[in-house]
Trainee: 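One structure, as C-alpha cells, below. Some questions next.
The chains referred to below are lettered A, B, ... by the order of the sequence lines, with proteins before strands, and numbering in each begins at 1. All values below come from the heavy atoms of this structure, side chains included, with hydrogens, waters and symmetry mates left out.
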Amino acid sequence: MNVYFLIAYRNILQRRVRSLMLAAAIVAVSVIFSLLLALLQGVQDTMVGNGTALMTGHVNIAGFYKISQSSANPQVTKYPPLLEYAKEKIPEAAVIVDRVKAYGKVISEVDSTMIPMWGVNMDQEANVLGRLELEASAESNSPGDLKKLGESGTIALFAVHAKKLKVGVGDMVTVSVPTYRNMNNTKDVKVVAILKDVGMMSQFNAYLNANDVRALYQSKPDSTGQIMIYLKKLADVPAVEARIRKDLSDKGYVLMDKDANPFWMKFDRVAGESWTGQKLDITTWEDETSFLKWVVSLLSVLTFILTIVLSIIIVMGLINALWMSVKERTTEIGTLRAIGMQKSKVLWMFMLESLILSISSTAAGLILVGIMSQALNAAAIPIESDAFKMFLMTNNLSFHFGVAPALTTFFSLVTFFTLGSLIPAFQAAKLSPIVAINQS
Amino acid sequence: MQPIHLENVKKNYQLDKVQVSALKGINLTIEAGEFTVIAGPSGSGKTTILNLIGCVDTASEGKVVVGGKETGGLTEKQLTDLRLHTIGFIFQSFNLIPVLNVFDNVEFPLLLQNKLSPQDRRDRVAKFIDRVGLTQYAHHRPSELSGGQRQRVAIARALVTKPQIVLADEPTANLDSVTGQTIIDLMKEINAAENTTFLFSTHDHSIMNQARRIVRLQDGRIQDKA
Ligand SMILES: Nc1ncnc2c1ncn2[C@@H]1O[C@H](COP(=O)(O)OP(=O)(O)O)[C@@H](O)[C@H]1O
Ligand SMILES: [Mg+2]
C-alpha cells in the first residue's frame, strides 16, 4: 500500500472519535443533499408525467382559428392531414393523440364550477389519460371507468371537482360552454370516472367525449384542439419540434412565432392581432407547463441553500479537525520535512486524509440514500398538507434517485471538502523542519 | 572531498528588538568517516550548528558546504533534496512516525528517495533493522518500544539510505546513561564498519570523552580543536 495513504488512513483510525463524528456529518450532508435532489427529480418527473398526461404532448401541433379579427379559438381546423403527417413522418413518436379544447361551467344540483376541459378520443388515450389513477368518491364506491368516455354524454372529473359538485360515478352534471356567438350551449353528461387528484393541475382539467365537445361548439368534425405527440425519448423534443416547424411551413401552413407559454396565456394576444383564418402553433411540454417552473426552481433553490449551509458547517468542522491534527503532528511533520519530504508531499498527505474521509463518507451516504429512496417510495409516504399536495403536484412523496444526482452529490461534496482541506494542508506544508530538531 | 566545511559562519537570531548572535564566526571542516562530538554547555550554539549543517536553516553570514554543495545558494526544494540524499538525522526525541511500525518507519526515507526496487528496498530495511538488533520488533509500533529501542529505530532510519553524513543533536539526552552508552557504542560500531561520517552534539561529559574528535563550543565560538 502507498505509504502516504497508509499514514493518512492510520491517522484517521488513530483519531477515531473525531473521524467518526466527521464521517457521520459528511454522511448526513450527502444523504440530505441527494435525498433532496431525488425528491426534486421525483417532483419534476411527476410533474412532467402528470402534466403531459393531463394537458400536453411532448410536442404539440396546436394553433388558433380566427373567424373575426377579435376572436381567438384554440382550434386546429382540417386536422386529419396533420394527424396523418404526424403518424407518418415522426418515427420518434411513441403515442399520438388529438384532443379538442373546451372551457366552461360544470353544473351539478348543488354547485357549479368553471373548468378548462378536454374532449378526448378514448381509442388513442390508453397510455396517456389511461395512466392516471382513479379513485372512489364519497358519493359512490365505484371509481368508474375511463373507457366509458368513448360514449357520448360522458365526463370524467378530478376528485377535487367531484367533491365540490358533490357528485360521484353515475351522477349527471350539465356542461355549459360559451360559444363565439356569445351564446351558451349546454349538454347533460354522466360522470363515468373520478380521477385521483394530482396536485394543483387537477383544478384545471376535466375530460369529455371529443365529439360532444365539437357538438357543443358546433365545430366541424375535421377540427380539433391540438395534436399531441409523445416521444420515446424526451431528448428528441428540440429536433422533432424544429422538423415539424420546417415541414409544415414548407407545406404552406402559417405558423405562429415561438412563444414559450401555455396556450391559455395566448388568447389575449391572438385576439388582439389583426389576422383571420388558421395559424398553427408548434409547442412543447415545457412551453405548456412553463407556469409550473417556479415550483421546481423554488425547490432547487431551497435544496442548494440548505446543502450549501450544511456543507459550510461541515467544511469548517473538517478544517478544524485537520487543523488540530496538524497542531498535534507538528513534530512529526517537521521530522518528515527534515528527513527529506518535500512540501508538496506533506500537502498531499493531509489532502489524502480529507479525501479518504470525504470519498468514503459521501459514498456511504449515497448507498444509504439508494436504499432509503427505495424504502421511502415503497412506503409511499402520503403528503398530509393540501398546500404541499398542490405545490408538489402529487399525493405521495416520490424519490427518483438516479446516477445524475448521485454523481452531482459525490463530486460537488468531495470537491468542496477537498478545497476546504487545502487550508490546513497548506499550513502543514509550511511547517519548518527546524521544529523537529529544536525541542527539548 | 570533505562532507562538511564551514567558513566564518555566523548566525544571528532576531528576538523582538534584540539581536542574538548564536554563532560568531565558525570555521570547521569534517573529514569523511570521522566520528565527531560537538560539546558545549546549553545555549552555546550546538543545535544552531547542526541546523546549518543539516540544511534545515541557513547562515546569516559565511559559507556552509555540505556534501560538496554550498547551502546558501540553494532553494528550499534543493535543500530538501540535499537532506534526503546526503544526510541522516537522529533526533533527541527519536521522532518516529507514530502510526507506522518499525519496518515502515525505517523504510520511509527509501520510499521518499524512490531509487531502489521494492525487493532491494525490503532487503535493505531488513538488514538495517537487524543491524540495530530489532528484527523481532519489526512489526511493533513505536509506542510499544522502550526509549532505547526507539532510538535504535531512529538510527536504522538515519542509516538506511547510506548517507554521507549522520547528524544527531543530543541523541542520548532522553535516555538513561546505560542506554545512552549502548546507543553511542552502536553508532561507533557502525562508524567503524561502514565509514559513515558521524557528527553529534552532547553536553554529557562521560559521552563526549569517548569521541575521536571533540569540537568544544562556548558562547557561539569554537574554543580549541582537540
Ligand atoms: N529560534 C531562535 N530565536 C532566537 N534565539 C535563538 C533561537 N534558536 C537559538 N537561539 C539562541 O541561540 C543561542 C544558541 O542556541 P542553541 O544553538 O540552541 O544552543 P544549544 O543547542 O547549544 O543549547 C542561544 O542563546 C539561544 O537562546
Ligand atoms: Mg540544543
Trainee: Consider only side-chain N and O atoms of B:Thr47 and B:Asp169, and report whether a donor and an acceptor are under 3.5 Å apart.
Mentor: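 On atom types as modelled, these side chains qualify, holding a pair under 3.5 Å.
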Trainee: Using non-hydrogen atoms and a 4.5 Å limit, figure out which bit of A:Lys345 sits close to chain B: side chain, backbone, both or neither.
Mentor: neither
Trainee: Pick from B:Gln113, B:His85, B:Arg141, B:Glu170: which one has the most heavy-atom pairs with chain A under 4.5 Å?
Mentor: B:Arg141
Trainee: What part of A:Gln342 gets closer than 4.5 Å to chain B, counting heavy atoms only: side chain, backbone, both or neither?
Mentor: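 Its backbone and side chain both get close to chain B.
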Trainee: Relative to chain A, which segment of B:Asp104 carries a heavy atom at a distance below 4.5 Å: side chain, backbone, both, or neither?
Mentor: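 Side chain of B:Asp104 only, per the 4.5 Å heavy-atom cut-off to chain A.
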Trainee: Parallel, tilted or perpendicular: which one describes the rings of A:Phe5 and A:Tyr9, with boundaries at 30° and 60°?
Mentor: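 Parallel: the ring planes of A:Phe5 and A:Tyr9 meet at under 30°.
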Trainee: Taking every non-hydrogen pair under 4.5 Å, which of B:Leu100, B:Leu111, B:Leu167 racks up the most with chain A?
Mentor: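 Looking at each option in turn, the highest pair count goes to B:Leu100.
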Trainee: Does the plane of the ring in B:Phe35 sit parallel, tilted or perpendicular to the ring in B:Phe198? Use 30° and 60° as the thresholds.
Mentor: tilted
Trainee: For A:Arg337, is it the side chain, the backbone, both or neither that has a heavy atom under 4.5 Å from a heavy atom of chain B?
Mentor: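 Both backbone and side chain.
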Trainee: What part of B:Ile87 gets within 4.5 angstrom of chain A, counting heavy atoms only: side chain, backbone, both, or neither?
Mentor: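 Neither part.
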Trainee: Is it true that A:Arg18 and A:Glu328 make a salt bridge, defined as a side-chain N closer than 4.0 Å to a carboxylate O?
Mentor: yes
Trainee: For a quick check under 3.5 Å, do A:Ser30 and A:Thr362 share a side-chain donor-acceptor pair by atom type?
Mentor: no
Trainee: Do NZ/NE/NH1/NH2 and the carboxylate oxygens of B:Glu194 and B:Lys162 come within less than 4.0 Å?
Mentor: no
Trainee: Taking every heavy-atom pair that is under 4.5 Å apart, which of B:Asp57, B:Leu84, B:Thr80 has the most such pairs with chain A?
Mentor: B:Thr80
